[in-house]
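Shown next, in structure tokens, is the structure this report addresses.
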Amino acid sequence: MGKADKKTHYCGTLNHDHVNNRVKLAGWVGKRRDHGGLIFIDLRDRSGVMQLVFDQQAGAELFRQAENLRSEYVVAVEGEVVGRSEDTINPDLPTGDIELRVEVMEVLNPSKTPPFYIEDDIYVDENLRLRYRYLDLRRPEMLGRLQLRHRAVKMVRDYMDRYDFLEIETPMLTRSTPEGARDFLVPSRMHPGEFYALPQSPQLFKQLLMVSGVERYFQIVRCFRDEDLRADRQPEFTQVDIETSFFGQENLFALIEGLAALLWREIKGIDIKLPFLRMPYREAMNRFGSDKPDLRFGMELVDLNDLAVKSQFKVFTSALENGGSVKGLRVENGKKMSRKDLDDLTLLARQLGARGLAWVYVEENGWRSPISKFFDNALIDDINRKMNAGVDDVLLFVADTWQTTCNVLGYLRRHLAPDVIAAAPHFLWVVDFPLFHYDEEEKRFESDHHPFTAPRVEDVPILESDPLGVRAQAYDLVLDGVEIGGGSTRIHDSAIQERIFKLLGLSEEESREKFGFLLEALSFGAPPHGGIALGLDRLVALLSGDESIRQVIPFPKTAAASCLMTSAPANVDDKQLSELKIELQKQQEED
RNA sequence: GGAGCUGUGGUGUAGAUGGUUAACAUAUCGGCCUGUCAAGCCGAAGACCGCGGGUUCGAGUCCCGUCAGCUCCGCCA
């Protein structure tokens with residue numbers, strides 16, 4: 001690449017070896033320190049900062065120019081790199097032992113005073129940062145995140161290339177399919193009244209590429225889901241999408257583990273242990289109350305079905321009679337929680353769907369609790385023993401359906417977790433997910449992963465007779481309580497695929513209409529195939545140590561899915577609507 | 001759809017029980033200053049307290065509504 005005309009070096013790349021060199025630099029004015037006859041400017045560019053020195057004696061005209069510099073002015077300078085004298089070295093700056101004695105300066109563009117400081121560790125309303133995102137990104141730590149993301153993406157591409165994967169693009173304008181998240185729709189001008197959907201993932205296309213004989217596909221691809229946002233969920237997000245034929249789950253796991261190890265080693269300097277732990281879904285739920293357990297700390301849930309049945313406590317016994325379960329969570333040294341704290345936890349448990357939360361303070365001679373009267377001393381001892389409880393602990397119990405019991409205690413486990421920031425990363429594969437769950441609202445079975453997931457071969461015979469008992473060949477990759485990826489072995493047999501559609505309540509006509517192309521493709525010699533998708537935004541956020549993926553997305557949406565910089569979404573002209581033959585409904589009256 | 005938190009000069013904050021000149025820091029502007037790097041010193045300007053309504057003699061402070069941001073539940077195959 002040719003040299004930039006305004007600069008011969010990046011500020012941050014200059015060092016003591018450049019002393020006596022003539023260089024040209026260009027960038028933004030950071031801090032300005034005006035001593036009257038001597039002015040220091042911190043010139044900032046992508047790479048770092050270089051101190052510029054303007055001496056009154058060096059020329060009146062240049063000095064007058066320097067006096068007029070303000071924050072964020074864009075300037076190009078030319079001068080000589082000089083070493084600083086011993087007593088003026090700034091050890092806090094990478095370039096702190098040199099400075100640029102400016103001889104020529106050109107102001108390329110002035111700047112309004114920015115609405116917030118262009119520096120690291122600012123504490124500004126995110127509102128403002130998002131409205132002026134281009135200024136927010138100018139801050140070194142944000143440019144650093146962009147760079148980190150670039151490096152991660154490049155490593156992924158190089159790694160996949162090394163293993164013969166082809167990066168192939170798939171359509172952004174595709175068709176809406178039932179199941180899954182709400183689609184973003186795009187109206188068609190050529191086909192009035194018809195709509196494209198933006199892809200929730202390239203799922204079908206990557207499977208079709210397997211039918212095409214690609215064998216190893218990947219793509220770093222934007223996906224769209226019109227659902228409510230979270231700190232780790234944006235309406236558009238990026239997946240590392242992977243699909244393989246003739247590969248097998250073991251190879252896929254090894255491939256992904258190698259990739260994760262590479263990223264963590266190169267970016268975080270951490271050698272992670274391979275292979276990753278694997279845990280069946282049932283076990284994850286039973287022990288941690290989550291299908292994405294954080295293994296950095298213990299606090300495992302304890303199954304109390306066998307003991308709870310011996311109590312006189314109706315809440316426990318009736319839950320068990322109804323086929324539910326009773327589990328406990330031990331909060332070490334929980335006595336520092338007040339009665340009020342426990343009431344708050346109870347409220348939380350209710351909001352999460354439990355009918356209530358039972359709690360006891362473990363004391364020298366028994367339990368202090370409203371429910372202690374339902375338990376005799378022997379039973380209390382047994383429960384204490386099973387939960388490994390000692391004096392000053394608090395025990396929390398939930399009795400409900402198995403699912404609710406696990407979910408609620410799992411939430412409380414996370415909520416009450418000790419500080420584990422410094423712990424080493426704990427990767428794991430969660431495997432053996434159920435193929436279906438039952439949707440109470442829709443009164444039908446739904447795919448737990450997606451409808452193209454293969455059932456375990458030995459469970460195929462019970463597909464129709466016991467759908468909820470069927471296990472899927474699906475897996476999630478979990479890191480420290482965050483789901484960073486998920487995938488499955490796919491159905492490559494059109495007959496089984498049709499049975500699955502039927503179980504999901506799709507009529508034959510419907511599945512023909514919506515998925516006919518897939519069923520047909522599967523009948524033309526589809527190879528056995530499977531794959532995975534990794535959440536790139538989450539991955540990068542974990543690598544950069546950020547809580548929210550907004551930090552690693554250059555132009556993210558707010559929790560209400562709008563862009564504060566462009567004000568998207570926005571109204572469109574009537575002309576645009578009429579071209580699309582779209583008429584807006586009148587605003588609904590109240591109620 | 002629901003819950004919680006936040007909203008005061010450009011920015012970050014303070015403003016007990018409602019009382020009338022809304023405080024501090026920093027940024028900004030001006031002056032002084034040749035070695036600073038959180039430069040320093042002196043001075044100036046800058047908010048009617050997200051918005052709307054209500055209670056009150058009087059509201060940044062209480063009430064209702066609304067908007068925006070954040071977090072969580074639902075939702076996210």
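Quick note on labels: first sequence line is chain A, next is B, and so on, each numbered from 1.
- Outside the 6.0 Å centre-distance limit, the rings of A/Y475 and A/F433 are not counted as a close aromatic pair.
- The gap from the C1' atom of B/rG4 to that of B/rG9 amounts to 29 Å, rounded to the nearest Å.
- Rounding to whole angstrom units, OH of residue A/Y132 and C1' of B/rG69 are separated by 16 Å.
- The gap from the C1' atom of B/rU26 to that of B/rG40 amounts to 15 Å, rounded to the nearest Å.
- Side-chain atoms of A/Y117 come within donor-acceptor range of the base of B/rG10, with a qualifying N/O pair under 3.5 Å.
- Salt-bridge check for A/D97 with A/R84: failed, with every basic side-chain N at 4.0 Å or more from each acidic carboxylate O.
- Across the strands present, B/rG40 finds its partner in B/rC32; the criterion is a Watson-Crick or G-U wobble pair with both atom distances under 3.5 angstrom.
- Closest approach to the A/S71 side chain among B/rU36, B/rU28, B/rG69 is made by B/rU28 (side chain taken as heavy atoms from C-beta onward).
- The aromatic ring centres of A/Y438 and A/F445 sit less than 6.0 Å apart.
- Taking atom P in both B/rG74 and B/rG53, the straight-line distance is 39 Å, to the nearest Å.
- Between A/E508 and A/R512, none of the side-chain N atoms (NZ, or NE/NH1/NH2) sits under 4.0 Å from a carboxylate O, so this pair counts as no salt bridge.
- Residues A/Y117 and A/Y123 keep their aromatic ring centres 6.0 Å or farther apart.
- Listed candidates were B/rC73, B/rG74, B/rG69. Nearest to the side chain of A/E126 is B/rG69.
- OP1 or OP2 of B/rG69 sits under 4.0 Å from a side-chain N or O of A/S562.
- Of all nucleotides present, only B/rC51 satisfies the Watson-Crick or G-U wobble test against B/rG65, with each distance under 3.5 Å.
- Candidate nucleotides B/rU71, B/rC76, B/rC70 were compared by shortest atom distance to the side chain of A/L130, and B/rC70 ranks first.
- Here the separation of B/rG60 from B/rU6, taken at their C1' atoms, is 15 Å to the nearest Å.
- Of the candidate nucleotides B/rA68, B/rG35, B/rU71, B/rA68 has the atom lying nearest to any side-chain atom of A/N127.
- Evaluation of atom-type donor-acceptor distances gives no pair under 3.5 Å for the side chain of A/D125 against the base of B/rG12.
- Taking atom CG of residue A/D34 and atom P of nucleotide B/rC33, one finds them 10 Å apart after rounding to whole Å.
- In this structure B/rG60 sits in no base pair that meets the Watson-Crick or G-U test at under 3.5 Å.
- A stacked arrangement is not assigned to A/F116 and the six-membered base ring of B/rU11, the conditions of a centre distance below 5.5 Å and an interplanar angle below 30° not being jointly met.
- At whole-Å resolution of the value, CD in A/Q351 and C1' in B/rU71 are 13 Å apart.
- One can place CZ of A/F63 at 9 Å from P of B/rU34, the figure rounded to the nearest angstrom.
- Taking only side-chain nitrogens and oxygens, A/T558 never comes nearer than 4.0 Å to OP1 or OP2 of B/rA68.
- Here the side chain of A/L128 is nearest to one of B/rU71, B/rU11, B/rC70, namely B/rU11.
- In this structure, CZ of A/F184 is placed 18 Å from P of B/rC75, rounded to the nearest angstrom.
- Ionic pairing of A/K514 and A/E179 is not present here: no N-O contact between side-chain nitrogen and carboxylate oxygen is shorter than 4.0 angstrom.
- A distance of about 13 Å separates the C1' atoms of B/rG18 and B/rC63, rounded to the whole Å.
- Heavy-atom distances to RNA chain B give each of A/T113 and A/L352 a nearest nucleotide, and the one nearer the 5′ end belongs to A/T113.
- Residue A/L564 is classed as a sugar-phosphate contact, given heavy-atom separations below 4.0 Å to backbone atoms only.
- The distance between atom CG of A/L348 and atom P of B/rC5, rounded to the nearest whole Å, is 14 Å.
- Here the side chain of A/T405 pairs a donor or acceptor atom with the backbone of A/T401 at under 3.5 angstrom.
- Salt-bridge annotation for A/D546 and A/R145: present, with a side-chain N of the basic residue lying under 4.0 Å from a carboxylate O of the acidic one.
- Comparing A/K31 and A/D87 along RNA chain B, the residue whose closest nucleotide (by nearest heavy atom) sits nearer the 5' end is A/D87.
- One N or O donor and one acceptor, one from the side chain of A/R101 and one from the base of B/rG35, sit under 3.5 Å apart.
- The distance between atom CG of A/D55 and atom P of B/rU34, rounded to the nearest whole Å, is 10 Å.
- In B/rA16 the base sits syn relative to the sugar, since the glycosidic angle is no further than 90° from 0.
- Comparing the P positions of B/rA25 and B/rC41 gives an interatomic distance of 11 Å, to the nearest angstrom.
- Within the nucleic acid shown, A/P451 comes within 4.0 Å of at least one base atom, counting heavy atoms only.
- Of all nucleotides present, only B/rG10 satisfies the Watson-Crick or G-U wobble test against B/rU26, with each distance under 3.5 Å.
- The pairing partner recorded for B/rU17 is none, the criterion being a Watson-Crick or G-U wobble arrangement whose two distances lie under 3.5 angstrom.
- For the pair A/D232 CG and B/rC70 P, the computed distance is 14 Å after rounding to whole Å.
- B/rG35 has no base stacking with the ring of A/H35 when judged by centroids under 5.5 angstrom apart and an interplanar angle below 30°.
- In terms of polar N and O atoms assigned as donor or acceptor, the side chain of A/R550 never comes within less than 3.5 Å of the base of B/rC70 in a complementary pairing.
- Checking B/rU36, B/rU71, B/rC75 against every side-chain atom of A/E99, the shortest atom distance belongs to B/rU36.
- The base of B/rG69 does not come close enough to the side chain of A/R129 for any donor and acceptor atom to sit less than 3.5 Å apart.
- B/rA3: Watson-Crick or G-U partner is B/rU71, with both key distances under 3.5 Å.
- Not a single donor-acceptor contact under 3.5 angstrom links the side-chain atoms of A/R225 to the base of B/rC76.
- The nucleotide whose nearest atom lies closest to any side-chain atom of A/V124 is, among B/rC76, B/rG12, B/rU36, B/rG12.
- Annotation: B/rG52 and B/rA68 have their C1' atoms spaced 15 Å apart (nearest Å).
- As rounded to the nearest Å, B/rU36 and B/rG31 have P atoms that lie 23 Å from one another.
- One cannot find a donor-acceptor pair under 3.5 Å joining the base of B/rC33 and the side-chain atoms of A/R33.
- A close approach under 4.0 Å does occur between a side-chain nitrogen or oxygen of A/R70 and OP1 or OP2 of B/rC29.
- For B/rG74, its base never sits under 3.5 Å from the side chain of A/E227 at any donor and acceptor pair.
- Using a 4.0 Å cut-off between charged nitrogen and carboxylate oxygen, A/R64 and A/E67 do not count as a salt-bridge pair.
- Checking B/rC75, B/rU71, B/rC37 against every side-chain atom of A/A231, the shortest atom distance belongs to B/rU71.
- In summary, A/R490 and A/E243 engage in a salt bridge, as defined by a charged side-chain N under 4.0 Å from a carboxylate O.
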